[in-house]
Student: 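Handing you this structure, nothing more for now.
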Amino acid sequence: MKRNIKFIPFLVLFAAAIMAFRFQPVTADKPGNPFSSAGFKMGVALYSFNHHSFKKSLDMADSCGVKYIEGFSFHKLGEGFGDITMDGLDKKSVALMKTMLHEKRLVMASMYAGGSDNREGWKKYFELAHELNLQYLVCEPGRRQWDMIDSLAGVYHIKIAIHDHIKPSPYWHPDSVLAIAKGHPNIGACADIGHWTNSGLDPVKCLKILEGHIIGMHLKDVDQAHNDVIPGKGIIDFAGIVKELKRQRFNGIIEVECEHNMDNNLKDVKAAVDYANQLAAK
(Lines give C-alpha, C1' and ligand atoms only; values in the text may rest on other atoms or scores of the structure.)
Protein backbone atom coordinates (compact mmCIF):
# COMPACT_ATOMS: atom_id res chain seq x y z
CA MET A 1 0.00 0.00 0.00
CA LYS A 2 2.82 2.43 0.87
CA ARG A 3 4.53 1.53 -2.39
CA ASN A 4 1.39 2.47 -4.34
CA ILE A 5 1.08 5.80 -2.49
CA LYS A 6 4.66 6.70 -3.40
CA PHE A 7 3.89 5.89 -7.01
CA ILE A 8 0.89 8.28 -7.19
CA PRO A 9 2.93 11.54 -7.54
CA PHE A 10 4.76 10.02 -10.50
CA LEU A 11 1.46 9.09 -12.15
CA VAL A 12 0.11 12.60 -11.57
CA LEU A 13 3.20 14.20 -13.13
CA PHE A 14 3.11 11.76 -16.05
CA ALA A 15 -0.58 12.48 -16.70
CA ALA A 16 0.05 16.23 -16.54
CA ALA A 17 2.86 15.93 -19.06
CA ILE A 18 0.62 13.97 -21.43
CA MET A 19 -2.15 16.58 -21.13
CA ALA A 20 0.29 19.44 -21.69
CA PHE A 21 1.58 17.77 -24.84
CA ARG A 22 -1.91 16.98 -26.06
CA PHE A 23 -3.15 20.56 -25.72
CA GLN A 24 -0.02 22.28 -26.98
CA PRO A 25 -1.08 25.08 -29.40
CA VAL A 26 -0.71 24.17 -33.06
CA THR A 27 2.15 26.18 -34.55
CA ALA A 28 2.98 24.12 -37.59
CA ASP A 29 2.31 25.78 -40.89
CA LYS A 30 -0.12 24.53 -43.47
CA PRO A 31 0.87 21.76 -45.87
CA GLY A 32 2.54 23.26 -48.90
CA ASN A 33 3.43 26.49 -47.12
CA PRO A 34 7.04 27.34 -48.04
CA PHE A 35 7.46 29.12 -44.69
CA SER A 36 9.50 27.12 -42.20
CA SER A 37 10.69 27.67 -38.65
CA ALA A 38 14.00 28.78 -40.15
CA GLY A 39 12.34 31.61 -42.09
CA PHE A 40 10.02 34.46 -41.19
CA LYS A 41 6.42 34.61 -40.01
CA MET A 42 4.68 35.51 -43.25
CA GLY A 43 1.28 37.08 -43.61
CA VAL A 44 -0.87 39.15 -45.95
CA ALA A 45 -2.29 42.57 -45.20
CA LEU A 46 -5.93 42.28 -46.27
CA TYR A 47 -5.74 45.83 -47.59
CA SER A 48 -4.15 44.11 -50.59
CA PHE A 49 -7.60 42.65 -51.30
CA ASN A 50 -9.69 45.67 -50.30
CA HIS A 51 -11.86 45.42 -53.43
CA HIS A 52 -13.22 42.11 -52.16
CA SER A 53 -15.38 40.87 -49.30
CA PHE A 54 -13.79 39.64 -46.08
CA LYS A 55 -14.72 36.06 -46.92
CA LYS A 56 -13.16 36.23 -50.37
CA SER A 57 -10.07 38.01 -49.05
CA LEU A 58 -9.57 35.15 -46.59
CA ASP A 59 -9.82 32.64 -49.44
CA MET A 60 -7.21 34.63 -51.36
CA ALA A 61 -4.84 34.93 -48.39
CA ASP A 62 -5.24 31.23 -47.68
CA SER A 63 -4.29 30.36 -51.25
CA CYS A 64 -1.00 32.22 -50.72
CA GLY A 65 -0.02 29.68 -48.07
CA VAL A 66 0.44 32.14 -45.22
CA LYS A 67 -0.58 31.71 -41.59
CA TYR A 68 -1.19 35.35 -40.64
CA ILE A 69 -3.33 38.20 -41.90
CA GLU A 70 -3.74 41.85 -40.97
CA GLY A 71 -7.22 43.35 -41.09
CA PHE A 72 -8.11 47.01 -41.51
CA SER A 73 -10.85 48.90 -39.72
CA PHE A 74 -12.54 50.39 -42.81
CA HIS A 75 -12.82 47.09 -44.72
CA LYS A 76 -16.34 46.76 -46.14
CA LEU A 77 -16.86 43.17 -45.05
CA GLY A 78 -19.77 42.22 -47.32
CA GLU A 79 -20.88 38.58 -47.71
CA GLY A 80 -22.29 37.42 -44.37
CA PHE A 81 -21.74 40.77 -42.65
CA GLY A 82 -24.03 43.09 -44.59
CA ASP A 83 -22.94 46.69 -45.00
CA ILE A 84 -20.72 47.01 -41.92
CA THR A 85 -17.00 47.70 -41.85
CA MET A 86 -14.59 45.93 -39.53
CA ASP A 87 -14.77 48.67 -36.91
CA GLY A 88 -18.55 48.17 -36.80
CA LEU A 89 -18.46 44.54 -35.68
CA ASP A 90 -20.77 43.50 -32.83
CA LYS A 91 -20.59 40.35 -30.68
CA LYS A 92 -22.44 38.23 -33.23
CA SER A 93 -20.36 39.35 -36.21
CA VAL A 94 -17.13 38.98 -34.21
CA ALA A 95 -18.10 35.36 -33.58
CA LEU A 96 -18.74 34.86 -37.30
CA MET A 97 -15.37 36.38 -38.18
CA LYS A 98 -13.56 34.14 -35.69
CA THR A 99 -15.33 31.11 -37.14
CA MET A 100 -14.22 32.06 -40.66
CA LEU A 101 -10.63 32.49 -39.48
CA HIS A 102 -10.70 29.15 -37.66
CA GLU A 103 -12.03 27.34 -40.72
CA LYS A 104 -9.13 28.68 -42.79
CA ARG A 105 -6.61 28.13 -39.99
CA LEU A 106 -5.61 31.78 -40.33
CA VAL A 107 -4.51 34.04 -37.48
CA MET A 108 -5.46 37.71 -37.54
CA ALA A 109 -2.66 39.08 -35.40
CA SER A 110 -3.12 42.76 -36.21
CA MET A 111 -5.47 45.37 -37.61
CA TYR A 112 -4.90 48.78 -39.10
CA ALA A 113 -6.99 51.17 -36.99
CA GLY A 114 -8.18 54.31 -38.74
CA GLY A 115 -7.85 56.30 -35.54
CA SER A 116 -10.02 58.52 -33.36
CA ASP A 117 -9.77 61.93 -31.76
CA ASN A 118 -11.06 60.83 -28.35
CA ARG A 119 -10.53 58.15 -25.70
CA GLU A 120 -13.86 56.43 -26.29
CA GLY A 121 -13.07 55.94 -29.95
CA TRP A 122 -9.68 54.42 -29.18
CA LYS A 123 -11.16 52.27 -26.42
CA LYS A 124 -13.55 50.87 -29.01
CA TYR A 125 -10.60 49.80 -31.16
CA PHE A 126 -8.92 48.11 -28.21
CA GLU A 127 -12.15 46.36 -27.18
CA LEU A 128 -12.50 45.00 -30.71
CA ALA A 129 -8.84 43.97 -30.78
CA HIS A 130 -9.36 42.16 -27.48
CA GLU A 131 -12.44 40.34 -28.82
CA LEU A 132 -10.49 39.25 -31.90
CA ASN A 133 -7.40 38.22 -29.88
CA LEU A 134 -5.13 40.60 -31.79
CA GLN A 135 -1.51 41.13 -30.79
CA TYR A 136 -1.22 44.73 -31.96
CA LEU A 137 -2.91 47.65 -33.70
CA VAL A 138 -1.27 49.47 -36.60
CA CYS A 139 -2.11 53.17 -36.62
CA GLU A 140 -1.02 56.79 -37.00
CA PRO A 141 -2.23 58.58 -33.84
CA GLY A 142 -2.10 62.30 -33.20
CA ARG A 143 0.65 63.60 -30.93
CA ARG A 144 -1.79 64.44 -28.11
CA GLN A 145 -2.96 60.83 -28.08
CA TRP A 146 0.39 59.15 -27.42
CA ASP A 147 0.01 58.93 -23.63
CA MET A 148 -3.61 57.84 -23.87
CA ILE A 149 -3.12 55.01 -26.35
CA ASP A 150 0.01 53.79 -24.59
CA SER A 151 -2.04 53.56 -21.40
CA LEU A 152 -4.87 51.70 -23.14
CA ALA A 153 -2.35 49.37 -24.79
CA GLY A 154 -1.02 48.49 -21.34
CA VAL A 155 -4.50 47.84 -19.95
CA TYR A 156 -5.52 45.60 -22.84
CA HIS A 157 -2.07 44.03 -23.36
CA ILE A 158 -2.21 44.94 -27.04
CA LYS A 159 0.75 46.75 -28.60
CA ILE A 160 0.66 49.78 -30.89
CA ALA A 161 2.72 49.70 -34.10
CA ILE A 162 3.13 53.15 -35.63
CA HIS A 163 2.68 52.98 -39.40
CA ASP A 164 5.62 54.63 -41.19
CA HIS A 165 3.52 56.27 -43.87
CA ILE A 166 5.02 58.17 -46.79
CA LYS A 167 6.23 61.76 -46.43
CA PRO A 168 4.70 64.23 -45.40
CA SER A 169 3.17 61.93 -42.77
CA PRO A 170 4.49 62.87 -39.30
CA TYR A 171 5.82 59.31 -39.07
CA TRP A 172 7.67 59.11 -42.38
CA HIS A 173 11.09 59.02 -40.66
CA PRO A 174 12.08 56.33 -38.12
CA ASP A 175 13.33 59.02 -35.73
CA SER A 176 9.73 60.14 -35.24
CA VAL A 177 8.76 56.65 -34.08
CA LEU A 178 11.71 56.55 -31.69
CA ALA A 179 10.47 59.84 -30.23
CA ILE A 180 7.10 58.22 -29.47
CA ALA A 181 8.59 54.99 -28.15
CA LYS A 182 10.63 56.93 -25.60
CA GLY A 183 8.58 56.78 -22.42
CA HIS A 184 5.84 54.72 -24.08
CA PRO A 185 6.73 51.04 -23.58
CA ASN A 186 3.69 49.74 -25.48
CA ILE A 187 4.42 51.64 -28.70
CA GLY A 188 6.75 50.51 -31.48
CA ALA A 189 6.92 50.51 -35.27
CA CYS A 190 5.18 48.96 -38.23
CA ALA A 191 8.10 49.11 -40.65
CA ASP A 192 6.82 49.84 -44.16
CA ILE A 193 9.84 49.48 -46.42
CA GLY A 194 7.98 50.72 -49.51
CA HIS A 195 6.89 53.98 -47.89
CA TRP A 196 10.41 54.56 -46.57
CA THR A 197 11.83 54.12 -50.05
CA ASN A 198 9.28 56.48 -51.58
CA SER A 199 10.19 59.04 -48.91
CA GLY A 200 13.81 58.94 -50.08
CA LEU A 201 15.08 56.81 -47.20
CA ASP A 202 17.20 53.66 -47.18
CA PRO A 203 14.97 50.97 -45.61
CA VAL A 204 17.95 48.93 -44.38
CA LYS A 205 19.26 51.95 -42.47
CA CYS A 206 15.74 52.61 -41.16
CA LEU A 207 15.54 49.07 -39.79
CA LYS A 208 18.86 49.60 -38.03
CA ILE A 209 17.61 52.82 -36.44
CA LEU A 210 14.49 51.07 -35.14
CA GLU A 211 16.23 47.96 -33.82
CA GLY A 212 14.38 46.67 -30.77
CA HIS A 213 11.25 48.68 -31.60
CA ILE A 214 9.91 46.89 -34.68
CA ILE A 215 6.62 45.13 -33.90
CA GLY A 216 5.49 44.27 -37.42
CA MET A 217 6.39 44.95 -41.02
CA HIS A 218 4.68 45.73 -44.34
CA LEU A 219 6.51 44.20 -47.29
CA LYS A 220 6.25 45.75 -50.74
CA ASP A 221 8.52 46.94 -53.54
CA VAL A 222 8.53 50.11 -55.65
CA ASP A 223 10.24 51.27 -58.83
CA GLN A 224 12.10 54.50 -59.62
CA ALA A 225 8.81 56.22 -60.47
CA HIS A 226 7.37 55.27 -57.03
CA ASN A 227 5.00 52.72 -58.52
CA ASP A 228 4.11 49.66 -56.47
CA VAL A 229 5.58 46.51 -58.09
CA ILE A 230 6.07 42.83 -57.28
CA PRO A 231 8.88 42.43 -54.69
CA GLY A 232 12.15 41.71 -56.45
CA LYS A 233 11.13 43.72 -59.53
CA GLY A 234 11.79 47.16 -58.05
CA ILE A 235 14.62 49.06 -56.40
CA ILE A 236 14.48 47.84 -52.79
CA ASP A 237 17.51 45.89 -51.55
CA PHE A 238 15.69 42.81 -50.28
CA ALA A 239 18.89 40.86 -49.69
CA GLY A 240 19.96 43.67 -47.36
CA ILE A 241 16.52 43.73 -45.71
CA VAL A 242 16.63 40.00 -45.00
CA LYS A 243 20.21 40.17 -43.74
CA GLU A 244 19.34 42.97 -41.32
CA LEU A 245 16.18 41.26 -40.05
CA LYS A 246 18.15 38.09 -39.40
CA ARG A 247 20.87 40.07 -37.63
CA GLN A 248 18.21 41.57 -35.36
CA ARG A 249 16.63 38.13 -34.93
CA PHE A 250 13.33 39.68 -35.89
CA ASN A 251 10.46 37.47 -34.78
CA GLY A 252 7.51 39.64 -35.76
CA ILE A 253 5.12 39.14 -38.64
CA ILE A 254 5.92 40.30 -42.16
CA GLU A 255 2.69 41.23 -43.94
CA VAL A 256 2.80 41.42 -47.73
CA GLU A 257 0.92 44.52 -48.84
CA CYS A 258 0.17 44.88 -52.54
CA GLU A 259 -1.12 48.28 -53.70
CA HIS A 260 -1.40 47.73 -57.45
CA ASN A 261 -3.77 45.89 -59.79
CA MET A 262 -6.24 45.80 -56.90
CA ASP A 263 -9.02 43.96 -58.76
CA ASN A 264 -6.80 41.03 -59.73
CA ASN A 265 -3.55 40.94 -57.75
CA LEU A 266 -3.65 37.47 -56.19
CA LYS A 267 -0.80 36.15 -58.38
CA ASP A 268 1.32 39.16 -57.43
CA VAL A 269 0.68 38.73 -53.70
CA LYS A 270 1.52 35.03 -53.88
CA ALA A 271 4.68 35.83 -55.85
CA ALA A 272 5.68 38.28 -53.10
CA VAL A 273 5.17 35.66 -50.38
CA ASP A 274 7.16 33.07 -52.32
CA TYR A 275 9.96 35.55 -53.00
CA ALA A 276 10.26 36.49 -49.32
CA ASN A 277 10.34 32.86 -48.27
CA GLN A 278 13.02 32.03 -50.85
CA LEU A 279 15.22 34.85 -49.58
CA ALA A 280 14.68 33.82 -45.96
CA ALA A 281 15.72 30.26 -46.74
CA LYS A 282 19.11 31.31 -48.13
Side-chain angles (χ1 to χ4, degrees), residues 23-81 84-113 125 128-138 157-159 161 163 190 215-220 231 250-259 262 264-277 280:
F23 293 103
Q24 192 72 16
V26 176
T27 57
D29 295 286
K30 301 175 187 178
N33 186 352
F35 170 81
S36 69
S37 59
F40 296 120
K41 295 176 181 177
M42 293 302 301
V44 170
L46 292 190
Y47 183 76
S48 304
F49 306 135
N50 67 58
H51 288 195
H52 306 284
S53 69
F54 181 76
K55 184 177 185 300
K56 185 173 181 180
S57 67
L58 287 190
D59 291 339
M60 296 168 80
D62 182 52
S63 70
C64 294
V66 298
K67 180 176 179 179
Y68 302 95
I69 60 167
E70 179 176 284
F72 59 105
S73 61
F74 51 96
H75 192 174
K76 294 180 180 179
L77 302 174
E79 199 173 352
F81 294 94
I84 64 172
T85 53
M86 189 171 289
D87 57 6
L89 291 170
D90 57 18
K91 293 280 187 181
K92 183 178 180 181
S93 50
V94 164
L96 174 59
M97 181 169 285
K98 291 168 81 170
T99 297
M100 288 180 172
L101 289 166
H102 178 73
E103 288 174 349
K104 291 294 182 182
R105 296 184 64 197
L106 289 168
V107 176
M108 186 190 294
S110 57
M111 177 183 75
Y112 181 90
Y125 281 123
L128 177 58
H130 175 73
E131 289 291 326
L132 291 170
N133 303 313
L134 305 187
Q135 297 174 20
Y136 60 97
L137 290 172
V138 178
H157 304 290
I158 295 168
K159 296 290 186 181
H163 185 226
C190 172
I215 295 174
M217 180 175 170
H218 284 176
L219 185 146
K220 57 170 69 82
F250 177 68
N251 194 39
I253 301 168
I254 298 176
E255 307 278 1
V256 169
E257 187 177 49
C258 179
E259 298 188 76
M262 305 300 282
N264 186 28
N265 61 7
L266 179 57
K267 285 178 63 177
D268 294 353
V269 174
K270 190 177 187 309
V273 172
D274 292 344
Y275 178 67
N277 282 314

Student: Between CD1 of Ile254 and NE2 of His218, what distance do you get to the nearest 0.5 Å?
Tutor: 11.5 Å
Student: Begin with the C-alpha distance, continue with both residues' side-chain angles, and end with the deciding distance and a verdict on side chain to side chain contact (heavy atoms under 4.5 Å, CB included) for Lys76 and Thr85.
Tutor: CA-CA 4 Å; Lys76 294 180 180 179; Thr85 53; 4.0 Å; yes
Student: To the nearest 0.5 Å, how far apart are NE2 in His130 and CD1 in Ile158?
Tutor: 7.5 Å
Student: Take Lys56 and Phe49 through the side chain to side chain contact (heavy atoms under 4.5 Å, CB included) test and state the conclusion after the steps.
Tutor: CA-CA 9 Å; Lys56 185 173 181 180; Phe49 306 135; over 6 Å; no
Student: Working to the nearest 0.5 Å, report the span between CE of Met217 and CD of Glu257.
Tutor: 11.5 Å
Student: How many angstroms lie between atom CE of Met86 and atom CE of Met111, to the nearest 0.5 angstrom?
Tutor: 7.0 Å
Student: What heavy-atom pair brings Ser63 and Leu266 nearest, and what distance separates the two atoms?
Tutor: OG-CD1, 3.5 Å
Student: What pairs with Tyr112 under ring pair (Phe, Tyr, Trp, His ring centres under 6.0 Å), at least two apart in sequence or on another chain?
Tutor: His163
Student: Do Met60 and Val269 pass the side chain to side chain contact (heavy atoms under 4.5 Å, CB included) test, and can you show the C-alpha distance, the side-chain angles, and the key distance before you say yes or no?
Tutor: CA-CA 9 Å; Met60 296 168 80; Val269 174; over 6 Å; no
Student: Do you know which two heavy atoms are closest between Lys41 and Gly252, and how far apart they sit?
Tutor: CB-O, 3.7 Å
Student: Kindly give the heavy-atom pair with the smallest separation between Ile69 and Ala61, and that separation in Å.
Tutor: CG2-CB, 3.8 Å
Student: So Phe72 and Phe74, would you call those rings parallel, tilted or perpendicular, with 30° and 60° as cut-offs?
Tutor: perpendicular
Student: Could you tell me if the side chain of Glu131 sits less than 4.5 Å from the side chain of Lys91, heavy atoms only?
Tutor: yes
Student: Any chance you could lay out the side chain to side chain contact (heavy atoms under 4.5 Å, CB included) test for Tyr275 and Val256, step after step, and finish with the verdict?
Tutor: CA-CA 11 Å; Tyr275 178 67; Val256 169; over 6 Å; no
Student: Less than 4.0 Å between a side-chain N and a carboxylate O, is that true for Arg105 and Asp62?
Tutor: no
Student: Is there a donor-acceptor pair under 3.5 Å between the side chain of His75 and the backbone N or O of His52?
Tutor: yes
Student: Which atoms form the tightest heavy-atom contact between Glu255 and Ser110, and what is the distance?
Tutor: OE2-OG, 3.9 Å
Student: Check side chain to side chain contact (heavy atoms under 4.5 Å, CB included) between Phe81 and all other residues, then give those that pass, not counting sequence neighbours.
Tutor: Phe54, Leu77, Ile84, Leu89, Ser93, Leu96, Met97, Met100
Student: Minimum heavy-atom separation for Ser57 to Leu46, with atom names?
Tutor: OG-CD1, 3.8 Å
Student: Side-chain contact, heavy-atom cut-off 4.5 Å: Ile253 with Tyr136?
Tutor: yes
Student: Kindly check if the number of other-residue, nucleotide or ligand heavy atoms within 6.0 Å of NZ (Lys98) is above 12?
Tutor: yes
